[in-house]
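Reading through the structure tokens given below for one structure.
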Amino acid sequence: MSNITWPDPQTSKEISGYSALISDVFLRLIKMIIAPLVLSTLIAGIVHRGDTASVGRVGGRAMFWFVGASLFSLLLGLMMVNILRPGEGRSAINVLRNSVATVALAK
């Protein structure tokens with residue numbers, strides 16, 4: 001979008017740098033908040049439970065669901081790749097040849 005608003009490459013690059021800085025700061029703040037929040041939630045949940053056997057059962061169920069969901073998503077992804085075959089018919093040479101032709105046309 002900044003290429004349309006500011007056609008000068010230098011100005012566009014400078015504006016993009018500012019937006020990258022803002023997004024990096026935002027993502028770092030999110031990461032700073034998430035870890036303590038998750039840890040405090042886990043600690044509060046364990047303290048509230050009280051019984052170590054029930055905590056172990058809940059932890060075992062959580063691990064089961066995590067591993068199950070991970071395996072399901074992995075298998076689904078592998079099946080979709082084999083069915084849809086993304087990138088078939090494209091090789092690195094064709095991609096390079098097309099990009100060189102595009103650059104040659106732009107000049």
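Just so you know, these numbers come straight off a predicted model, no measurement behind them.
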Quiz item: Got a sec, which hydrophobics cluster with F64, joining ILVMFWY side chains under 4.5 Å apart, including via others?
Solution: W65
Quiz item: Does I22 sit in a hydrophobic cluster with other residues, and if so which ones, taking ILVMFWY side chains as linked at heavy-atom separations under 4.5 Å, directly or through other members?
Solution: none
Donor-acceptor contacts under 3.5 Å from residues 77-86 side chains, at least two apart:
| unit_1 | atom_1 | unit_2 | atom_2 | d |
| --- | --- | --- | --- | --- |
| N82 | ND2 | L78 | O | 3.2 |

Show me the donor-acceptor pairs within less than 3.5 Å that the side chains of residues 30-39 make with the rest of the protein, sequence neighbours left out.
none

Exercise. Please list, chain by chain and in numerical order, all residues satisfying salt bridge (charged side-chain N to carboxylate O under 4.0 Å, His left out) with R61, sequence neighbours excluded.
Key: none
Quiz item: Tracing side-chain links under 4.5 Å among I, L, V, M, F, W and Y, which residues wind up in one group with L75?
Solution: none
Exercise. Considering non-hydrogen atoms only, spot the tightest contact between S23 and A20 and give its length.
Key: OG-O, 2.9 Å
